[in-house]
Amino acid sequence: MRKWCASVVVGVLSALPTFPTVAAEPPTYNKDVAPILQRQCQDCHRPGQVAPFSLLTFHQARKRAADLVSVTAEKRMPPWHASTIEGGPFKDARVLSAAEIATIAA
């Protein structure tokens with residue numbers, strides 16, 4: 001009986017349609033990274049502001065890519081010294097989500 005049930009299950013499963021797996025597209029600067037930088041970094045990282053370098057263009061960001069990966073993974077940038085655990089969420093908090101950090105790293 002067990003062999004018969006197993007055969008039926010295998011037969012049913014093999015008859016189900018298979019769908020090709022679609023690999024996630026790697027992030028691009030213009031579509032994925034630039035909006036994060038615009039929203040979270042460019043208020044300070046532009047000429048005339050407090051940050052020591054600009055992040056307005058692809059070339060500027062590419063030059064600092066390793067640094068961007070490091071400081072965002074360590075959550076040193078964007079700077080947000082208020083607690084992310086107590087008293088929040090705060091309006092206009094400069095905190096990157098895990099997905100944004102992963103996008104910058106990719």
Side-chain angles (χ1 to χ4, degrees):
M1 181 73 172
R2 281 187 178 171
K3 286 184 181 181
W4 181 81
C5 289
S7 296
V8 169
V9 169
V10 169
V12 168
L13 289 176
S14 64
L16 292 174
T18 57
F19 299 98
T21 48
V22 177
E25 290 292 320
T28 67
Y29 177 80
N30 286 329
K31 187 177 101 193
D32 303 299
V33 178
I36 297 169
L37 297 180
Q38 290 166 351
R39 193 172 50 256
Q40 300 286 6
C41 308
Q42 290 178 357
D43 281 350
C44 297
H45 286 275
R46 61 189 169 118
Q49 293 303 317
V50 68
F53 55 88
S54 183
L55 290 174
L56 296 180
T57 68
F58 168 80
H59 296 293
Q60 292 167 337
R62 179 69 186 120
K63 181 179 175 182
R64 307 280 184 175
D67 293 332
L68 293 175
V69 171
S70 175
V71 299
T72 57
E74 295 168 3
K75 298 188 178 187
R76 289 189 289 138
M77 284 288 154
W80 179 254
H81 302 292
S83 174
T84 57
I85 300 168
E86 295 184 32
F90 295 100
K91 182 180 178 191
D92 300 325
R94 289 198 182 270
V95 179
L96 295 176
S97 69
E100 290 171 322
I101 293 169
T103 298
I104 290 171

Novice: Looking only at heavy atoms, what is the nearest atom pair of Ala51 and Cys44, with distance?
Specialist: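 Smallest interatomic distance, heavy atoms only, reads CB-O, 3.1 Å.
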Novice: Measure the shortest side-chain to side-chain distance between Asp67 and Met77 over non-hydrogen atoms and say whether it is less than 4.5 angstrom.
Specialist: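 They are not in contact (no side-chain heavy atoms under 4.5 Å apart), so the answer is no.
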Novice: If only atom types and distance count, is the side chain of Gln40 paired as donor or acceptor with the main-chain N or O of Ile36 below 3.5 Å?
Specialist: no
Novice: Could you go through Arg39 and Glu100, starting from their C-alpha distance and side-chain angles, then the distance that decides it, and tell me whether this counts as salt bridge (charged side-chain N to carboxylate O under 4.0 Å, His left out)?
Specialist: CA-CA 11 Å; Arg39 193 172 50 256; Glu100 290 171 322; 2.7 Å; yes
Novice: Do Asp43 and Gln49 come close enough that some side-chain heavy atom pair is under 4.5 Å?
Specialist: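 SC-SC contact between Asp43 and Gln49 ruled out.
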Novice: Would you please test Ile104 and Leu96 for side chain to side chain contact (heavy atoms under 4.5 Å, CB included) and show each step?
Specialist: CA-CA 10 Å; Ile104 290 171; Leu96 295 176; 4.1 Å; yes
Novice: With a 4.5 Å cut-off on side-chain heavy-atom distances among I, L, V, M, F, W and Y, is there a chain of contacts connecting Val71 to Ile101?
Specialist: no
Novice: Would you confirm whether Gln42, through its side chain, and Leu55, through its main-chain N or O, come within 3.5 Å as a donor-acceptor pair?
Specialist: yes
Novice: Report the distance from atom CZ of Arg46 to atom CG of Leu37, rounding to the nearest 0.5 Å.
Specialist: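 These two atoms lie 14.0 Å from each other.
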Novice: Less than 4.5 Å apart, side chain to side chain, heavy atoms only: is that true for Val33 and Leu68?
Specialist: no
Novice: To the nearest 0.5 Å, tell me how far Thr103 OG1 sits from Lys31 NZ.
Specialist: 9.5 Å
Novice: With a 4.5 Å limit on heavy-atom distance, are the side chains of Ser70 and Arg76 in contact?
Specialist: yes
Novice: Return the orientation label for the Phe53 and His45 ring planes: parallel under 30°, perpendicular over 60°, tilted otherwise.
Specialist: tilted
Novice: Could you tell me which non-hydrogen atom of Ala61 sits nearest to which non-hydrogen atom of Tyr29, and how far apart they are?
Specialist: CB-CE1, 3.9 Å
